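All figures in this text were calculated on a predicted structure; none of them were measured in a lab.
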Amino acid sequence: MTEEHYTGADLFVDALESYGVSKLFGNPGTTELPVTNALEGSSVQYRLALHEDVAVGMAAGYAQTRRYHAHHDDSIRPVGVANLHTTPGVAHGLGNLYGASVTGAPMVVTAGNHGTDQRHEEPILTGDLVEMTDQFTKWSAEVLDISALPSMLRRAFRVALTPPTGPVFLGLPYDVLTAETDAEPERLGEIPTAGGGDSAQIQRAADLLVEADNPAMIVGDGVARAGRDAIDAAVALAETSGARVHGEILACEVDFPASHDQWLSYIPPKEDLAQTLMGADTLLFVGTSTNTTYTPHEEPLVDPDTTCIHVSADAWEVGKNHPADAAVIGDPGEVMAEMADHVEAALPADERDSRLSDVAAMKEFVEMQMQQMGEDESDDPRASKAELVDAMRETADDADQDVYIVDEGVTAKYAMLTRWPFEPEQYISNKGGGLGYGLPAAVGAAMAEAEHAEGNEEAARHVVGFIGDGSYLYYPQSIYSAVRYDVDLSVVIPDNRNYRILKDNTLALFGGEESDYEFIGTDFEPPVDLPSNAESYGATAHQVEDPVDIGPAFDEALSSDETVVLDVLVHD
């Protein structure tokens, strides 16, 4: 910007500053040059990614992590902002835009585009950006006139931040970015909660819990997104109702303390186990969104005669897959807190104690089953996934390190969830399922943690990306951004040198034994030299072949303030 010329790009950057945005993740092209030029002298830091989907993933991991920070500091606006390049750039970013939509990351994704006065000529890179992004966003639009830019920017941030949170897309044509204006960013205003819910439905939900014989709570990631107060409310409701608690299928945040006596398990995405764990006469679903299997299930996961109570900030999720005998749309924390008061007043103490005894017995059974699932009976010299997780946990505990896990271990995920009792705000994972989200998200999360610790070293947490080898290979260039910006990050790769999930699903869908299949396109043979790959981007990297070396290698990584990649060979 010069004193004589204040443009749409300048207004865009000023809006980012006024809305508390400190970082813009992107990969620029010619149509984004007005934005990168306007960033000169701004407090907004540009964070270069070598691929647009990496930029989106970094912004998503940053936003998810800043949301946790915002739960404790009202001054933080936890929005991740990305800037992509026209049609191919947006197409590249769709994978992680989808992932961000499933995980509810509050994001504003923007893209430069050809000017509105040139599109009739169909220059290269032309496409309908709004149509491309609409299915994965809460709102998708393009600013077609400079006069609309201030209000559309304000709306984009408000929509992204308002529960249920999620990504928004805004197209920024070249002629809008270069047009002169005397407008200013509009004030953002207050962001509402999802509200306290319908009091009559809350009373009905509480009555159903009191009347139940064997109630269970299924908590989803909408609980963690609602804040620590919501998790405290979940604990209070579980304790007053005497219900056992499970995490929804594909839960990717900590929605209930794993150390609590009434916490039993995450529900795995397997039909028989899911049916068993959701076997109850009354189920309370709170903040759930992915509580079904990936492959088709032959029988209902929930018995049709089960009484179902639904609580969510997202109206779409209420009664979506199961009939709702009580339905409450509102902030999960506010709703559960009121339910807990009603249940405590109505449920006799002896009934609560009886339920808790049943929970303790079932917890013992479930823990035994989970322990057996993790046992290693193989004579393979490589570590099992359970051994890897155990070594990581023990090392972090011994070092007294406060670690924050970003997980895309895929088939190693349940070893992580069942063997490391995470506390709230300690863990996030790839909820959308598409590979390539976790590594960029880990880089963005580490940037968020570094920002949060500025001036307060006691708040610093060490970010650990737990990224399967197949996932890592989608976007290994994410490491470049981590190194370029001096990110303190440890990446641990459970490396089984194949797409194990495809082999598991083959057996689940078609039956038989592994020896019955060739498993075409599932093995990495020859294997990729992952440490050399990471080193080429400037990281410190090691391969760990012997299980006894996992602990020392991980301890060294935790002690470092640089980007370290550990390629740990594991067997299936």
Query - Between Lys270 and Thr293: side-chain donor-acceptor atoms closer than 3.5 Å - result: no
Query raised in the report: Taking the six-membered ring where the residue is Trp, are the ring centres of Tyr475 and His51 under 6.0 Å apart?
Result: yes
Report summary line: Here the gap from Leu48 atom CG to Gln45 atom CD, rounded to the nearest 0.5 Å, amounts to 13.5 Å
Requested in this report: Drop me the distance from Leu417's CG to Asp407's CG, to the nearest 0.5 angstrom.
Outcome: 6.5 Å
Report summary line: In short, Ile218 meets Gly247 closest at the heavy-atom pair CG2-C, 4.5 Å
Report task. Please check if the side chain of Ser490 supplies one atom and the backbone of Val564 the other of a donor-acceptor pair under 3.5 Å. Result -> no
Query raised in the report: When rounded to the nearest 0.5 angstrom, what distance separates OH in Tyr437 from OG in Ser471?
Result: 13.0 Å
**Report entry** Donor-acceptor contact present, side-chain Ser536 to main-chain Asn533, <3.5 Å
**Finding:** yes
**Report entry** Euclidean distance, Arg225 CZ relative to Ile231 CD1, rounded to 0.5 Å
**Finding:** 12.0 Å
Report task. Output yes when a side-chain donor or acceptor of Glu248 lies under 3.5 Å from a complementary backbone atom of Gly220, and no otherwise. Result -> no
Query raised in the report: For Val223 and Val219, which heavy atoms make the closest approach, and how far apart are they?
Result: CG2-CB, 4.3 Å
Requested in this report: For residues Val44 and Leu16, report the shortest heavy-atom separation together with the two atoms involved.
Outcome: CG2-CB, 4.0 Å
Report summary line: For Ala251 and Asp255, the nearest pair of non-hydrogen atoms, with its separation, is CB-OD2, 4.2 Å
Query - Reported CG-to-CG distance for the pair Leu188 and Leu161, which is rounded to 0.5 angstrom - result: 6.5 Å
Query raised in the report: Is the Tyr414 to Tyr266 ring centre distance short of 6.0 Å?
Result: no
**Report entry** Donor-acceptor pair, side chain of Lys138 and main chain of Val159, under 3.5 angstrom
**Finding:** yes
Query raised in the report: Is it true that a side-chain atom of Asn430 and a backbone atom of Gly433 form a donor plus acceptor pair closer than 3.5 Å?
Result: yes
**Report entry** Row check, Tyr485 ring normal vs Arg47 NZ/CZ: under 6.0 Å, within 45°
**Finding:** yes
**Report entry** Any residue meeting salt bridge (charged side-chain N to carboxylate O under 4.0 Å, His left out) with Arg461, in chain and number order, not counting sequence neighbours
**Finding:** Glu449
Query raised in the report: Is there a donor-acceptor contact under 3.5 Å from the side chain of Asp546 to the main chain of Asp549?
Result: no
Report task. Using atom types as modelled and distance alone, determine if a side-chain donor or acceptor of Ser560 lies under 3.5 Å from a backbone N or O of Glu562. Result -> yes
Requested in this report: Please confirm whether Tyr499 and Phe524 have ring centers closer than 6.0 angstrom.
Outcome: yes
